[in-house]
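One-based numbering, in listed order, for ligands and for the atoms of each. No experiment lies behind these values; they were computed from the predicted model shown. Sequential numbering from 1 along the given sequence is applied to the chain's residues.
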Amino acid sequence: MTIASVDQAIQLISTGAAAGSTCSPELAAGPWEFDAGAPGYGPGSSMGDVIPTGSPRQGALPESYRVASPEELSGRIRAARETLGDRVVILGHFYQRDEVLRHADFVGDSFQLAQATKSRPDAEAIVFCGVHFMAETADLLSTPAQAVILPNLAAGCSMADMADIDSVTDCWEELEELYGTAPDADGRVPLIPVTYMNSSAALKAFCGAHGGIVCTSSNAETVLEWAFERGQRVLFFPDQHLGRNTAKAMGVPLDRMPMWNPRKPLGGSTASELHAAQVVLWHGFCSVHKRFTVDQIDTARREHPGARVIVHPECPMAVVDAADEYGSTDYIKKAIEAAPAGSTFAIGTEINLVQRLAAQHPEHTIFCLDPVICPCSTMYRIHAGYLAWVLEGLVGTVDRPPVVLNRIVVADDVAAPARTALERMLAARPPVPARQDA
Ligand code: 13P
Ligand code: SF4
């Protein structure tokens with residue numbers, strides 16, 4: 001049986017019409033079921049993570065969107081798009097469900113979507129089908145007249161939530177006490193903060209205000225080079241794995257990458273470990289990419305001799321080391337596009353992207369390393385029902401004037417320094433391709 005999308009596969013599995021397994025039977029329900037309930041990340045890979053208090057909550061979605069069939073929602077989205085024309089641009093991350101992504105004007109990884117934000121300054125509204133930190137970034141990079149809309153406010157990112165401004169500020173102050181503030185003979189300051197794009201605007205602002213920068217998974221090596229030119233050490237947050245995998249590939253020894261766990265005194269490291277550090281790694285991770293294991297790679301190689309194993313750098317180091325290659329979502333897509341027909345790929349990243357690549361490339365064999373269907377639980381929160389709701393809001397009706405729903409606005413005092421850190425990233429040299437031999 002050909003399965004068109006992850007959504008469809010989950011529906012078929014949940015009714016027993018198809019074989020396979022998902023990490024939660026609740027994935028078959030509409031995300032509004034979880035928006036209305038207790039705060040949490042909902043079903044999917046990060047459902048076990050603790051959601052911080054005060055995380056944005058989504059209000060009730062009107063019933064007509066909850067009960068509509070996929071075909072009806074698709075028709076309503078298309079009609080609203082047609083009415084709005086160039087007034088709206090829809091951006092979509094690779095991990096979105098196909099039922100949403102098919103309506104996007106730009107599809108890409110977080111670096112490409114940040115760039116795409118700047119490409120349509122004429123559009124009144126940017127509808128961001130991704131997660132909260134991406135919509136914040138779009139607001140930072142768009143013009144003040146443009147409204148950035150996140151169709152479901154509960155679409156956060158559990159990894160981004162693992163570092164908050166208070167804990168990072170506390171860490172910074174403790175490290176400053178340890179390292180002092182004086183530059184070395186080459187003019188390099190003791191510490192440069194580097195935040196992964198997957199972080200709040202407040203953390204990007206912290207980096208902008210402290211001589212630091214933002215990186216994405218497609219330019220982390222370029223950005224670390226930038227930081228090492230200016231600083232003796234780097235404080236890298238929130239993803240320990242991206243930080244470790246990238247620094248290791250650049251030759252930084254593991255014993256010079258101590259961890260900072262905000263719940264432990266001195267981050268759980270000793271003063272001498274921190275003095276010897278080249279990169280201090282924040283104790284954050286992605287629950288989607290934590291699911292991938294070396295055992296899965298061994299199984300894939302056994303069952304598919306000759307398969308190329310490519311994983312995302314948010315995977316743990318042992319998994320990246322056991323893979324043939326690693327790189328951002330766009331790297332994975334391009335590697336598949338460039339391969340000779342008949343290639344076999346075992347992929348370690350979010351299932352919506354893997355399944356889509358498999359459908360788009362029938363000339364290859366492409367499968368996810370994890371046999372369980374377990375999408376990113378926050379990307380899952382964007383559903384075609386929410387997309388139809390925000391677009392029809394922009395259109396308005398005879399009885400109701402147009403309305404901008406779910407606008408994401410970064411406060412001015414945060415926006416200015418956050419933009420500085422983002423502009424430093426965009427000005428850094430173009431993304432380097434991931435290494436071939438991980
Ligand atoms: P990319 O930058 O590769 O799109 O990754 C974003 C992300 O959230 C991966 O989990
Ligand atoms: Fe966040 Fe992981 Fe989902 Fe990416 S895949 S948005 S890092 S939880």
Logged contact type for H312 with ligand 1, heavy-atom cut-off 4.0 Å, is side chain
For atom 4 (O) of ligand 1, closest protein heavy-atom neighbour | H93 NE2, 2.7 Å
Proximity to ligand 1 by part of Y95, non-hydrogen separation under 4.0 Å | side chain
Under 4.0 Å between a Lys/Arg side-chain N and an Asp/Glu carboxylate O for R81 and D105?
-> yes
Would you check the N or O atoms of N198, main chain and side chain alike, for any that come under 3.5 Å of an N or O of ligand 1?
-> yes
Heavy-atom distance to atom 8 (S) of ligand 2: which of G130, S158, P238 wins?
-> S158
Out of C157, S287, P375, indicate the one that has the non-hydrogen atom closest to atom 6 (S) of ligand 2.
-> C157
Numbering as shown, the atoms of ligand 1 that approach S328 to under 4.0 Å (heavy-atom distance) = 3 (O)
Within less than 4.0 angstrom of ligand 1, does Q112 place any heavy atom?
-> no
Test item: E173 side-chain N/O and D170 main-chain N/O as donor-acceptor pair under 3.5 Å | no
State whether the side chain of D139 and the backbone N or O of V148 hold a donor-acceptor pair below 3.5 Å, judged by distance alone.
-> no
Any N or O of T329 closer than 3.5 Å to N or O of ligand 1 = yes
Below 4.0 Å from any atom of ligand 1, is there a heavy atom belonging to S217?
-> yes
Aromatic ring centroids of Y331 and H312 under 6.0 Å?
-> no
min-distance protein heavy atom vs atom 10 (O) of ligand 1 -> E314 OE1, 2.8 Å
Within 4.0 Å of some non-hydrogen atom of D109, the atoms of ligand 1 are 1 (P), 4 (O)
Measure the shortest side-chain to side-chain distance between E33 and E26 over non-hydrogen atoms and say whether it is less than 4.5 angstrom.
-> no
Taking both backbone and side chain into account, is any N, O or S atom of C376 nearer than 2.8 Å to atom 3 (Fe) of ligand 2?
-> yes
Can you find a side-chain donor-acceptor pair between S5 and Q355 that sits under 3.5 Å?
-> no
Going by distance only, is there an N or O of S110 that falls short of 3.5 Å from an N or O of ligand 1?
-> yes
Which atoms from ligand 2 have a heavy atom of Y95 less than 4.0 Å away?
-> 5 (S)
Mark the output for M159 as yes if a heavy-atom distance to ligand 1 is under 4.0 Å, and as no if none is.
-> no
So do V168 and W282 actually touch side chain to side chain, heavy atoms under 4.5 Å?
-> yes
E350, portion touching ligand 1 at heavy-atom distance under 4.0 Å | neither
Side-chain donor-acceptor pair present, Q58, Y386, cut-off under 3.5 Å | no
Is there a donor-acceptor contact under 3.5 Å linking the side chains of D98 and N352?
-> no
Using the six-membered ring wherever Trp is involved, compare the ring planes of W172 and F206 and label them parallel, tilted or perpendicular (cut-offs 30° and 60°).
-> perpendicular
Looking only at protein heavy atoms, what sits closest to atom 2 (Fe) of ligand 2 is C286 SG, 2.3 Å
May I ask you to identify the nearest protein heavy atom to atom 4 (Fe) of ligand 2, giving residue, atom name and distance to one decimal place in Å?
-> N198 ND2, 4.0 Å
Checking heavy atoms under 4.0 Å, the part of E314 that sits near ligand 2 is side chain
Which word best sums up how the rings of Y95 and H289 line up, parallel for under 30°, tilted for 30 to 60°, or perpendicular for over 60°?
-> tilted
Does the ring of F228 carry R233 above it, NZ/CZ under 6.0 angstrom from centre and within 45° of its axis?
-> no
